[in-house]
Amino acid sequence: MDDLTTYAENTWCPGCGNFGLFNAFKKAVGVLEEKGIPREKIIISAGIGCHGKIFDYLKLSGLYSIHGRSMATVQGIKIANPDLKVVAFAGDGDAFGEGMAHMIFAAKRNADITVIVHDNGVYGLTTGQFTPTSDKGFKGPSSPKGSVEEPLNPLAMMLEAGATFVARGYPVKLKHLADLMAQAVEHEGFSFLDVLQPCVSFNNTYQKHNKLVEILDHVPQSYEDAMKIAKRTDKLPLGVIYRKDQPAFHKALSGDWSPIRDRMSRQERIKKIKSLLLH
Ligand code: SF4
């Protein structure tokens, strides 16, 4: 066992794509430490679903969340202590079903958080119901005749919502995925990483994705180019699809003020509020 793995028994199915995500994130933490971001400053959260177990397995500080709320949880942590790097793990049902509004508004306000979506196109923990990213025709307990809905396109949706860093990774390309994770955490502003995560038990996409993935050789230069790449269906491009510099929410709101560092007593707060009200 390495020093980023907890003693918790791992209960993911053998072959699950979550193992690649887990190993890639540990590599990314190593890369970030080399760049001067100690693991004590990397705070994690997770929602509900198979992905959420990563919270139990990673030896990092954090706060477990409820379904679809990990991105809201880390926004609160970031605002309270802007010195931290905060990462929300979420499933595709978690992020684009239960947590959709949090995703859109976190991207819109450019909250300085990283959201890593374990996108397997299925609710695996509850044995195979279709999710917002399941393919049309997907068969499961809640769609026995095949889903009649078109899947959402997470990359296009996050671009449209205002995300300033959008990327896609694949656990089979582990080193590439680890590099994307490190870049996402380093980015100042809302970073979104969609990971094509095969679920060997309910939506085994290894063969399909092995054929379709293609690593981009450059970051697209414009929003329009990024959107075109996000919408490709002939191939599944991997890499950073969009990156833009824009003040992060907490900086736009309060500059360099840090509630933890610049803590005020109750009396000071009352005085401050009174002075604000009188002007
Ligand atoms: Fe992984 Fe699917 Fe098993 Fe969950 S059900 S652990 S996502 S293979």
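Sequential numbering from 1 along the given sequence is applied to the chain's residues. We count ligands from 1, going down the list as the structure has it; atoms in each ligand are counted the same way.
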Participant: Hey, which atoms in ligand 1 end up nearer than 4.0 Å to a heavy atom of Gln197?
Facilitator: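 Every atom of ligand 1 under 4.0 Å from some heavy atom of Gln197: 7 (S).
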
Participant: Give me the atom names and distance for the closest heavy-atom approach of Leu63 to Ser45.
Facilitator: O-OG, 2.7 Å

Participant: Quick one: pull up OG1 in Thr131 and CG in Asp92 and give me the separation to the nearest 0.5 Å.
Facilitator: 4.0 Å

Participant: Going by chain and residue number, what protein N/O/S atoms come nearer than 2.8 Å to atom 3 (Fe) of ligand 1?
Facilitator: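 Only Cys13 SG fall inside 2.8 Å of atom 3 (Fe) of ligand 1.
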
Participant: With sequence neighbours left out, write down each residue that passes ring pair (Phe, Tyr, Trp, His ring centres under 6.0 Å) with Tyr242, or none if nothing qualifies.
Facilitator: Tyr223

Participant: Quick one: ring pair (Phe, Tyr, Trp, His ring centres under 6.0 Å) partners of Phe25, sequence neighbours excluded?
Facilitator: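 Residues passing ring pair (Phe, Tyr, Trp, His ring centres under 6.0 Å) with Phe25: Phe89.
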
Participant: With heavy atoms only and a cut-off of under 4.0 Å, state how His118 meets ligand 1: side chain, backbone, both or neither.
Facilitator: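 Neither; no heavy atom under 4.0 Å.
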
Participant: Mark the output for Leu125 as yes if a heavy-atom distance to ligand 1 is under 4.0 Å, and as no if none is.
Facilitator: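 It does not; every heavy atom stays at 4.0 Å or beyond.
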
Participant: Counting from 1, what ligand 1 atoms have a heavy atom of Asn120 closer than 4.0 Å?
Facilitator: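 Counting atoms of ligand 1 from 1, those under 4.0 Å from Asn120 are 7 (S).
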
Participant: So which of Glu186, Arg39, Gln183 actually passes side chain to side chain contact (heavy atoms under 4.5 Å, CB included) with Leu32?
Facilitator: Glu186

Participant: Any chance you could measure Thr73, atom OG1, to Lys78, atom NZ, to the nearest 0.5 Å?
Facilitator: 15.5 Å

Participant: Write out all pairs satisfying salt bridge (charged side-chain N to carboxylate O under 4.0 Å, His left out) with one or both partners inside residues 14-30, taking only residues at least two apart or from two chains.
Facilitator: Asp2-Lys26

Participant: How about Val240 and Leu216: do any of their side-chain heavy atoms sit closer than 4.5 Å?
Facilitator: no

